[in-house]
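Below is one structure, written out as structure tokens; the observations come after it.
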Protein chains: 2
Amino acid sequence: MKLSARVEYGVRAMAVLAIYYQTGPLPLREIAEQEKISLKFLEQIFPDLKKANLVESARGSQGGYMLSKSPNDVKVGDIVRAVEGPITPVDCLSEIDTKACCDRKDACLTRQVWEKLRDRINDVLDEVTLIELVDIKPVYKSS
Amino acid sequence: MKLSARVEYGVRAMAVLAIYYQTGPLPLREIAEQEKISLKFLEQIFPDLKKANLVESARGSQGGYMLSKSPNDVKVGDIVRAVEGPITPVDCLSEIDTKACCDRKDACLTRQVWEKLRDRINDVLDEVTLIELVDIKPVYKSS
DNA sequence: TTAATCCCGACCAAACAACTCGGATATCAT
DNA sequence: ATGATATCCGAGTTGTTTGGTCGGGATTAA
């Protein structure tokens with residue numbers, strides 16, 4: 001039940017883009033520096049975000065990436081699914097890969113739990129948008 | 001966001017044990033056959049279930065494993081945590097491993113989502129007990 | 001033209017997952 | 001006692017995944 005570094009970095013990077021929303025394209029180099037993430041690794045992640053229409057890119061000098069819609073409308077779930085693919089706690093649940101499923105589909109005692117789990121995970125991740133990540137300022141302890 | 005085969009097998013095995021509750025110890029060989037799981041692999045999983053006091057063992061001939069409490073009282077979450085350890089979507093959240101956490105703990109924008117996610121996952125898994133897995137008979141399609 | 005940027009594909013080392021193997025030890029039935 | 005059947009224990013193995021790196025190509029603003 002771990003998220004990959006890809007996802008973690010993807011969400012962090014998108015949060016940064018949310019902060020710089022509507023200020024023109026932001027180069028990955030900037031994000032990499034701010035978030036201490038390998039530039040080359042970020043370069044691998046962003047094509048996925050682009051395919052999912054979450055970001056737009058501008059090539060060449062002064063180029064970079066920008067959100068393709070308001071931070072309001074970008075759910076964390078969108079990012080996770082874009083970067084890691086559909087969320088399936090067990091392979092058995094993936095629609096495409098029905099052969100990997102247990103043969104006795106109907107009799108499978110555990111299937112229901114994993115379905116419930118999958119749905120709930122998607123729910124939580126879809127409840128939070130980039131706005132919430134960026135807007136709610138953390139409270140610094142005075143002690 | 002995948003569960004390991006260990007967990008999947010662990011839950012399936014515990015479901016079998018639930019069916020045979022109070023009929024004496026059931027050898028892993030039986031479970032392995034019924035669920036088509038490698039015996040040797042099961043042997044690796046069960047010590048964890050025992051450490052978590054979910055099962056008791058009887059050694060030697062006529063031995064095997066049995067639930068140490070009623071299927072009512074065994075939550076799927078208990079099994080998952082026993083077999084895979086505490087559920088932490090990102091390392092940053094594990095209490096023990098605070099050094100792995102981002103230095104700027106309070107300022108971390110994404111932490112809140114992962115905390116929420118972790119809590120919800122635990123909630124779902126704790127809502128379902130072995131009884132529900134075993135009691136609710138699946139509906140076979142007539143078509 | 002040059003520097004910055006996205007884009008693309010290959011490569012790589014370490015970690016992990018999912019087993020397998022070979023026994024040691026305990027216990028019951030005969 | 002002696003097997004047969006179990007749990008127990010630790011190490012080895014094999015393939016995949018992860019989390020990167022590396023080198024360069026294509027594009028564009030200054």
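Note that the structure is predicted; figures quoted are calculated from it, not measured. Side chains included, hydrogens not; waters and symmetry mates left out as well; all remaining heavy atoms used. Here is the naming used below: chain letters follow the sequence lines, and residue numbers restart at 1 for every chain.
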Among D:dC8, D:dA6, C:dC6, the one nearest A:Leu28 by side-chain distance: C:dC6
Closest heavy-atom pair and its distance - A:Leu17, A:Tyr65: CD2-O, 3.5 Å
Considering only heavy atoms and no angle criterion, is a donor-acceptor pair shorter than 3.5 Å present between the side chain of A:Arg29 and the base of C:dA4? no
Is B:Arg59 side chain donor-acceptor paired with the D:dT7 base, going by distance under 3.5 Å alone? yes
What's the verdict on side-chain hydrogen bond (donor to acceptor under 3.5 Å, both in side chains) for B:Thr129 and B:Lys75, showing C-alpha distance, side-chain angles and the deciding distance? CA-CA 4 Å; B:Thr129 70; B:Lys75 295 177 278 188; over 6 Å; no
A:Glu30 has an atom CD; how far is it from atom C1' of C:dC6, in whole Å? 15 Å
Nearest-Å distance, CG (A:Asp48) to P (D:dG19)? 14 Å
Would you classify [X] as touching base, sugar-phosphate or nothing, given that sugar-phosphate means primed atoms plus P, OP1 and OP2, and contacts are heavy atoms under 4.0 Å?
| X | answer |
| --- | --- |
| A:Gly60 | base |
| B:Lys50 | sugar-phosphate |
| A:Phe46 | nothing |

Begin from the C-alpha positions of A:Glu8 and B:Thr110 and carry the test side-chain hydrogen bond (donor to acceptor under 3.5 Å, both in side chains) through to its verdict. CA-CA 8 Å; A:Glu8 214 184 316; B:Thr110 55; over 6 Å; no
Partner of B:Glu115 by side-chain hydrogen bond (donor to acceptor under 3.5 Å, both in side chains), out of B:Arg118, B:Arg111, B:Gln112: B:Arg111
Closest-nucleotide 5' rank along DNA chain C - winner of B:Ala58 and A:Gly63: A:Gly63
Indicate yes or no for a side-chain donor-acceptor contact from B:Thr88 to the backbone of B:Asp91 under 3.5 Å, with no hydrogens or angles considered. no
Letter per nucleotide, 5' to 3', of nucleotides 11-21 of chain C [B base touched, S only sugar-phosphate touched, - untouched; heavy atoms, 4.0 Å]: -------SBBB
With A:Tyr21 via ring pair (Phe, Tyr, Trp, His ring centres under 6.0 Å) - residues at least two apart: none
Is any side-chain nitrogen or oxygen of A:Ser57 closer than 4.0 Å to OP1 or OP2 of C:dC7? yes
